Each structure stands twice: as structure tokens, then as C-alpha cells.
Amino acid sequence: MKNIYEAKFLKEFCSVAANMYRLGWDERNGGNISYLLEEEEVKEYLNLNHIFRTMPFMGWNETAFDASPIAGKIFLVTGTGKYFKNVKDDPETNLGIIRIAKNGKNMELLWGFKDGGRPTSEFPAHMMSHMARLGVDPENRVVMHCHPTYTLAMNYVHELDEAKFTHTLWQMSTECIVVFPDGVGVLPWMVCGTREIGEATAKKMEEYRLVVWGMHGIYGAGKTLDETFGLIETVEKAAQVYMLTAHLPRINTITDAQLKELATCFGVTPRAGIFTQEDKKR
Ligand code: 2HA
Ligand code: ZN
């Protein structure tokens, strides 16, 4: 067996968590990541027949949550109550590798959570989001949640309307429409960790790779850790520009005609319905 600390998936995961912490997106135990691994790559490092513990999905009763469509799939995931700050120095305590049990009701621990920990309280929301994303993109691997400062700040001063929010972000930085032409889904404020927010997030994930949780944070999904991080990073940069300028008279803007020109030039299709927003000049 190879040393798991040499595994690319673990090294990359630790480094992305460290970056998210460094950027202030994951204070205390804020945020969570789940990363779908290939069985082939995991079995170089772990004996897949050795299950340390079997755990039910916390807080979700059997009828409420059925993960059988992804039974047998293996995820590297952050732990509940664990701090992103500590992931890099002690991955085996702060992270775990779990497999969805055959019945779709339990998780089998294959590595990590060595202090008795368990996956993030948002794990069912993550799994439902994985199922939704895999339905539209079979290559999706990552679901990432965090609390980026400017995105959160923007939630308090900008309407929480998907089309308006997306349109404003697209205007705040030229690359936005190229990076997320599909826009940003927005959920109203909801209690986190619940079945309701999990289901609502997964529903949005059928259409969006980015979902803002009103006055809480953001969810991103993608094929790789880099791609998912990059999506959130691009939203956060645009939100930062918005927050640095929202209180000032705006004398220039990227027009809808220019946004459309960008889309044509980069070969992306902007989500329908965004350009019906008035081109706000304040
Ligand atoms: O895990 O961010 O939304 C901590 C959170 C919950
Ligand atoms: Zn959160």
C-alpha cells in the first residue's frame, strides 16, 4: 500500500482548504468540502475491505434520505465541527474518507476522523448536490461550501434575486460571464444543516454550479477542486469590487452589449433571462 499522505487527492484537498482559510472564507468550523474519489485511485492507498466504523446520516431519517443512487461511491470530506485552519496539519483528524453503504442509508469510514469524528453536518446536502450535479454532468466530483466575506456582505445590500444578482456580478469583472455563464442560483435565508436547505440546494444544483445561501455563504460544484475553488473565487472577487464601489457614483459599467460580445468571443451561452435586467447606472 502506498502512503496516503503522498496521494494527490489528499495533498490537493489540504492545500485548497488552507487557501480557503487563508482567504477568510472559513472561520472557525465554517464551510465544508466533499470530493468524489475514484475507487481505482483510493485502493492504491487503502484496503477498501477495512471499514473502521459504519455511521448513519446524522439527523436524517431513513425515509427522508436515500443515497442509493451513489451507493459504493467514495468521498473525501471535511468533519463536522472541524476547523479548516487545522486541516493541513492534521488531515487524519479533520478529514475522513467514507463510502456510501450498499443500502444508501449508511456511511462506511475507510480512513480519518481518528478522534471519533464524522462528516460535516451538511453531508446530506452535499450528497444530494452530488447526485443532482452527476445527473447533469457525469464528471462532477466536488461540492464546496464556504462563507466568503464580500459575497456575504453583498447579500445584505443587494436584492437576493438570481437574475439581478448574476447580472451585477457579471458587470463587476470582465471574466465573470466567461467563468460562470450559467449564473448564480440564490436561496433565501434558511436554517442550515436541515433537510429543507439540502433539498433546495440540490434542486438549484440541477441548473447551477453556484448557489448562494442568502446571508450565509455559497455552494460551488465542479469537476476538480481547482475548478470549484476558481468559481467561488471569481464570484468573491466580483462581490468585492461591488462592495468597494456600491456606495460610490458609478460612472462606467460593462454594458449588456459588451457582455454579449464577450460571450460570443469566448463561445459561452449566457443564461437566458439575465439581460432583461435594466443596465443599472447609478
Ligand atoms: O459546517 O458552514 O453551514 C459549518 C457550516 C454550516
Ligand atoms: Zn456554512
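In this chain, residues are counted from 1 in sequence order. No experiment lies behind these values; they were computed from the predicted model shown. All ligand and atom numbering here is 1-based and tracks the order in the structure.
- Between W213 and ligand 1, not a single N/O pair is under 3.5 Å apart.
- With respect to the salt-bridge test (charged N to carboxylate O, under 4.0 angstrom), the residues K85 and E27 do not qualify.
- Using cut-offs of 30° and 60° on the angle between ring planes, the pair W170 and F275 is tilted.
- Under the 4.5 Å side-chain heavy-atom criterion for Ile, Leu, Val, Met, Phe, Trp and Tyr, F75 and M107 are members of the same hydrophobic cluster.
- For atom 6 (C) of ligand 1, the nearest protein heavy atom (residue, atom name, distance) is E122 OE2, 3.3 Å.
- Polar contact with ligand 1: present for G31 (N/O pair, distance under 3.5 Å).
- Among all protein heavy atoms, the one lying closest to atom 4 (C) of ligand 1 is N29 O, 3.2 Å.
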*Between F229 and W25, is a ring pair (Phe, Tyr, Trp, His ring centres under 6.0 Å) present by the stated rule, with each step listed?*
CA-CA 11 Å; F229 177 88; W25 300 356; 5.1 Å; yes
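- Here the NE2 atom belonging to H50 is positioned 9.5 Å from the CG atom belonging to L109, to the nearest 0.5 angstrom.
- Here C192 does not reach the Zn ion (ligand 2): none of its N/O/S atoms is less than 2.8 Å from the metal.
- Put simply, L231 and V136 are part of two different groups of oily side chains (I, L, V, M, F, W, Y) that touch within less than 4.5 Å, one to the next.
- For the Zn ion (ligand 2), the set of nearby N, O or S atoms under 2.8 Å includes one belonging to H216.
- Protein heavy atom at the shortest distance from atom 1 (O) of ligand 1 is N32 ND2, 3.0 Å.
- For the pair H145 and ligand 1, the shortest N or O to N or O distance falls below 3.5 Å.
- For ligand 1, the polar-atom distance check finds an N/O of H147 within less than 3.5 Å of one of the ligand's N/O atoms.
- In this structure, H145 has its ring center closer than 6.0 angstrom to the ring center of H216.
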